[in-house]
Each structure stands twice: as structure tokens, then as C-alpha cells.
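Working notes, beginning with the structure itself.
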Amino acid sequence: EHDKTLKNIATYENILGSRTAMAKVIIKELDAFKKEYAKERKTVIDNVEAAVVEEKKIEEMDVVFLMDRFGYGRTVDVPTYERNKEAADAENKWIVNCINTGKLCVFTNTGKMHQIKVLDLPYGKFRDKGQPIDNVSNYDSTQEMVVYMCDELQLRYAKLLFATKQGMIKKVKGNEFQVAKRTIAATKLQEDDELIRVQVITDDQHVVLQTKDGYFLRFSAQEVAEKKKAAVGVRGIKLRKNDELEQIYLFYEGTEHKISYGDRELTLNRLKVAKRDGTGTKARS
């Protein structure tokens with residue numbers, strides 16, 4: 001046994017020390033595997049350029065996006081929404097008509113716009129559980145808040161009104177937000193400012209700005225300067241110390257628009273038409 005062990009040691013050292021000896025051992029073992037397991041090839045090796053796999057085409061259809069106050073979103077078909085409209089409107093914070101193959105645009109108070117592919121959202125029955133939109137986009141519910149949501153196609157020919165807490169306003173052509181990126185800067189904000197409202201606007205409307213201290217300023221939408229999305233905008237109302245812009249209302253001339261303010265009802269179309277960048281009128285609460 002000792003002599004046999006010494007002989008094996010010599011053989012192993014020869015294999016480890018010589019590439020030629022090692023190659024002979026490998027070839028011998030491969031020949032043994034081939035003899036035991038070799039079978040005729042059952043596949044064909046072809047020098048093709050690329051394999052083309054045609055995906056099943058998704059049928060395009062109108063759907064309704066529903067998102068509750070906890071940030072859970074889902075889509076349902078239009079007939080399902082119509083049958084449950086009363087409950088859907090009461091239970092959901094955001095309701096957007098869209099196309100299942102399209103994208104949703106989510107504007108937040110931090111001045112960002114996130115995009116969500118509608119197909120990434122759960123689709124099904126009205127009472128099915130939704131999914132947090134954090135999971136299907138770059139939106140972070142712990143750091144930002146949704147101020148506006150819309151279907152991307154809605155932006156093609158629209159203009160959007162932007163308003164910030166510090167009273168800065170502007171309107172931007174919607175096609176500036178038809179981009180491929182999942183997240184972009186939708187507007188530029190000054191220090192300690194935040195976006196409070198984004199809304200579709202037309203030039204034949206009237207704008208009413210409401211501050212936290214109850215000052216109201218009404219002026220024509222034509223006075224809102226059109227800017228690029230990277231611009232800050234212009235001042236909409238002169239704010240008093242420690243006051244801030246709280247709400248914006250849009251309505252058409254000749255239509256009655258009432259809101260509840262404090263303990264009474266306020267008719268906005270009865271407010272005096274002024275100029276942008278005024279101080280506004282104090283309303284009695």
C-alpha cells in the first residue's frame with residue numbers, strides 16, 4: 001500500500017506539474033463521458049441574425065383610474081365605474097379617465113412630474129385591492145403629495161396653470177410634459193416654496209386666488225403669463241406677512257360659481273374683476 005501511494009503521488013505531481021500530462025487526463029475523461037453519454041444532436045445550430053418573437057397585441061380600451069386617499073391605485077373598465085359611480089366618487093381621491101395602453105402624469109407639491117404606465121396598475125373588479133403608486137413609479141408618498149393627476153394624452157393640446165404657496169403663477173403648454181422619462185422637474189420653485197395647484201386652463205376663463213387669511217383676487221386668465229416649465233412664473237397676488245396662497249378657482253364669465261367660505265357662501269363671479277399682482281379683497285368669514 002505504501003508503494004502504491006508513492007506511485008500515485010508521483011503520478012499526481014506529474015499531472016499538476018505538466019500541462020501536457022493534465023491535458024491527456026482531461027481528454028481521457030472526456031472520451032469516457034462521450035462513449036457513455038453521447039447521443040445524436042436533436043437541435044440544429046443555425047447562423048441566424050436574431051430571433052423574432054411577436055408579442056400578443058394588447059387590445060386598447062378606455063379605463064378609469066381610481067386612487068384612494070391612502071395612495072392605492074387601480075383601473076376598472078368604464079361600465080364598471082358607471083355602475084358604481086356614487087361609491088367610486090365618495091371613496092377615491094383621484095379619478096382619471098385614460099387608455100389602458102397610455103400613461104398617467106402625476107404632479108406633486110415638490111414641483112416634480114412622475115409618469116405611470118397604466119398597464120403596470122392592477123385591473124379588475126370594482127372592489128379589488130389596488131397597489132400603492134409608489135411601487136409603479138418614482139413617486140414617494142413619504143416625501144411628496146399629489147396635487148394633480150391626468151392622462152398624458154390630455155396634455156397634448158392643453159395649457160396647465162401652475163400656482164405655488166408663495167403666490168407665483170404661470171401657464172405652460174401641455175406638450176412640454178409629453179416626455180419619455182419617468183420623472184422630470186415640472187416647474188422651478190423658489191426657496192421654501194411648494195406647488196399647491198396644477199389645473200387645465202383656457203384664456204376665456206377667470207381666475208380667483210384665495211389666501212389663507214381670506215383675501216380673494218379675481219382677474220382674467222389672459223393675464224397669466226405663459227412660461228416654460230423650467231421658469232418660476234410671475235406673481236399672482238401680493239401676500240401680506242405670514243399669509244400664503246391656499247386655493248385657486250377657475251370659472252367662465254357669465255356662469256355662477258359658489259364656494260363655502262367660513263360660515264357662509266361666497267359667489268366668486270360677483271367679485272370685482274381686478275388686475276393680476278393686486279392685494280385682493282378681504283372676505284368676511
For the side chain of Arg74 and the backbone of Pro122, is there at least one donor-acceptor N/O pair under 3.5 Å apart?
no
Does the distance from a Lys or Arg side-chain N to an Asp or Glu carboxylate O, for Glu29 and Lys34, drop under 4.0 Å?
no
Test item: Arg218 side-chain N/O and Lys272 main-chain N/O as donor-acceptor pair under 3.5 Å:
no
With no hydrogens and no angle check, is any side-chain donor or acceptor of Thr255 less than 3.5 Å from a backbone partner on Tyr252?
yes
Here's one to test your reading of the geometry: is the NZ or CZ of Lys275 within 45 degrees of the ring axis of Phe219 and under 6.0 Å from its centre?
no
Side chain to side chain contact (heavy atoms under 4.5 Å, CB included) partner of Val63, chosen from Val76, Val118, Ile99
Val118
For the aromatic rings, using the six-membered ring if either is Trp, is the centroid distance between Phe65 and Tyr72 under 6.0 Å?
no
Which class fits the ring pair His114 and Tyr139: parallel under 30°, tilted 30 to 60°, perpendicular over 60°?
perpendicular
Other residues, nucleotides, ligands: >12 heavy atoms within 6.0 Å of Leu16 CG
yes
With a 4.0 Å cut-off, would you call Lys159 and Glu226 a salt bridge?
yes
Taking the inter-plane angle between the rings of His257 and Phe251 on a 0 to 90° scale, is it parallel (under 30°), tilted (30 to 60°) or perpendicular (over 60°)?
parallel
Examine Arg83 relative to Phe126 and say whether NZ or CZ is less than 6.0 Å from the centre of the six-membered ring and inside a 45° cone about the ring axis.
no
